[in-house]
2 protein chains.
Amino acid sequence: MQLRRDDVLTGALEVLDGDGLEGITMRKLAAHLGVQAGGLYWHFANKQTLFEAMADKILEGVGAPVEPGPWDEQVGELARRLRRALLSHTDGARLVAGTYVTEKNTVAVGQVWFDVLRAAGIATDRVGWVGFSLSSYVLGHTIEEQGLAGSPPAVGSTGKAATSDAAESADVEAMISAVAAADPADRFEYGLSVFLDGLRYQMER
Amino acid sequence: MQLRRDDVLTGALEVLDGDGLEGITMRKLAAHLGVQAGGLYWHFANKQTLFEAMADKILEGVGAPVEPGPWDEQVGELARRLRRALLSHTDGARLVAGTYVTEKNTVAVGQVWFDVLRAAGIATDRVGWVGFSLSSYVLGHTIEEQGLAGSPPAVGSTGKAATSDAAESADVEAMISAVAAADPADRFEYGLSVFLDGLRYQMER
DNA sequence: ACCTGAACACCGTTCAAGT
DNA sequence: ACCTGAACACCGTTCAAGT
C-alpha cells in the first residue's frame, strides 16, 4: 500500500491531535504511517513545507461562498467559520499562525472576505485592512482559547499577587476567573460584536 | 564571573533576536553565555520555564500606570504599549502567545487593564471580556506583522490564483498587496479604531 | 515512483562529580 | 552555590541503494 501525499497530511493531523504541535515529529509521523522517517521526504521537502500544507488543509472550506443576507451577518459568519476551522484540530490556531501560507485554500479565504466586504460597501482600499484586522482578532482569540485549555484553573489565581491593595487585587482575580470560567464561544461573540458595531459606525459616516 | 538568573534571561533574548524563536537552543544559549548546556538547568528547570520568564520580561513596563485622560485614549495607549513590547524582540508575539504566563509582569498588565476599563465605566463582569478581546487582537495582529516580515513580497502574488474570474482575482491580489505594502502601524491603528468605536457605541446604550 | 537503512550533525535533559 | 563532563534518548535531513 503506497502512501499518497494526502495520506501523509491526514496522518500528520492525527498526530497533531494526539500529541500537539510540539509533539509532531517526522519519526513519529513515519511510525504512525508505517514507514521510515526518510521516506516522508519524498512527499514533502521538509517539516516546514508539511506544516504549511497542514495549515492549508485546516482552512479547507473556510473559503466557501457565504449565503446571501445582511453584510454584518455574513462577516460574522466568516469569522465564526475561521474560528471553528482553527479549533477543529489541536493547536490549530498556533499552527496556522506560525506558517506564512500562500496555498490554495488560504487564497480562497482571502477571496470570500474580499467579496463579502466589497459587497458590504467597504471601499476597496479599506477591505484588506478590515479583513486583516478581523482575522487577527480571530487568530489571537483562538490561540488564547486553545492555550488556556491546558493551563491552571484560573490564570493569576496562584496566590502570588504582588499588589499592595488587597481589595483591588481581589477584583482583578475575580475578573480573571470570570474570563477563564466563561464559555469561550460567548467571549468570542462579544469581541466580534464590538468589532462589528465599530464597523457599522465607521460606515455610517 | 558567575551567572545570575537575569543574565541567562538577557542572553536568551539576545539569542532570540539573533536566531529567532526556532533558533533558540539550550546549547547555543550556553555557548553565548560561555557555559556548558547542563549548567543552565541550575537557573531554569527547563526550556519551557525559560521561555515563560522571557515572555514575562518582554512584558516588562506594559503594566505601568497610564496617564490620566479620556478612557478611549487610555485604552488605546495600553494596546499600543502591548504591541510595542511584543515588537521589541524577534518573534516576541509568538513567544508570548505560546506561553501561558502567570508571572509578575503579566499580572501587572492585567491590573492596569482592569483599572482603566473599570474607570471607563465598563461593568465589572464585562471588563475581562473587553480586555481579553482587545489583547487578542493585539496579539494576533503582531504575530502576523512579525510573520510577514520574512515572507514573500506579497502574499498571493505568486501567480497561482486558481480563480476563474480573472478580473476579480486581480482585485483580490491588489487588496493583498495593499495590505502588505501598508505601514503595519497604520493597519494596527485602523483595527484599533474600529474596536474603540464599537466599544463607545456599546457604552452609549 | 516510492521507500529502506544507515549515517550526520544536531537536540533537551539528567546527574555524578568537581570547585 | 554554581558549573563541568559525559552520557541518554531523542531530533531533522540526506542519500546511496533497493524494489
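Reminder, nothing fancy here: chain letters follow the sequence lines and each chain counts from 1.
The interatomic distance linking B:D7 (CG) with D:dC3 (C1') rounds to 14 Å, in whole Å. Here D:dC11 presents its P atom at 13 Å from CG of A:L40, a figure rounded to the nearest Å. Atom P of nucleotide D:dC11 and atom NZ of A:K47 are separated by 9 Å, given to the nearest angstrom. Remark: C1' of C:dG12 and CG of B:L50 are 12 Å apart, rounded to the nearest angstrom.
The side chain of A:H43 places no N or O atom within less than 4.0 Å of a non-bridging phosphate oxygen (OP1 or OP2) of C:dA1. Put simply, B:T25 has no side-chain N or O that comes within less than 4.0 Å of OP1 or OP2 on C:dC10. For B:Q2, a side-chain nitrogen or oxygen approaches OP1 or OP2 of D:dC2 to under 4.0 Å.
Contact annotation for B:I24: backbone-only contact, meaning every heavy-atom pair under 4.0 Å involves sugar-phosphate atoms and none involves a base.
Taking CE from A:M26 and CG from A:L50, the interatomic distance works out to 5.5 Å, rounded to the nearest 0.5 Å. Expressed to the nearest 0.5 Å, how far OG1 of A:T124 lies from CZ of A:F114 amounts to 6.0 Å. Atom NE2 of B:H89 is separated from atom CG of B:L13 by 4.5 Å, given to the nearest 0.5 angstrom.
When distances are taken from the side chain of A:R27 to each of D:dT4, C:dT13, C:dA7, the shortest belongs to C:dA7. Picking from D:dC3, C:dC3, D:dT14 the nucleotide with the shortest atom distance to the side chain of A:W42 gives C:dC3. Side-chain atoms of B:V35 lie closest to D:dC3 of the nucleotides D:dC3, C:dG12, C:dC3. Comparing atom distances between the B:Q36 side chain and each of D:dG5, D:dG12, C:dT13 picks out D:dG5 as nearest.
Nucleotide C:dT14 has D:dA6 as its partner under the Watson-Crick or G-U criteria, with both atom distances under 3.5 Å. Remark: C:dT19 base-pairs with D:dA1; criterion is Watson-Crick or G-U wobble with both hydrogen-bond distances under 3.5 Å.
Across A:R81, A:R80, A:Q74, a single residue satisfies side-chain hydrogen bond (donor to acceptor under 3.5 Å, both in side chains) together with A:E77, and that is A:R81.
Judged by closest nucleotide on DNA chain D, B:G34 is the one of B:G34 and A:M26 placed further toward the 5' end.
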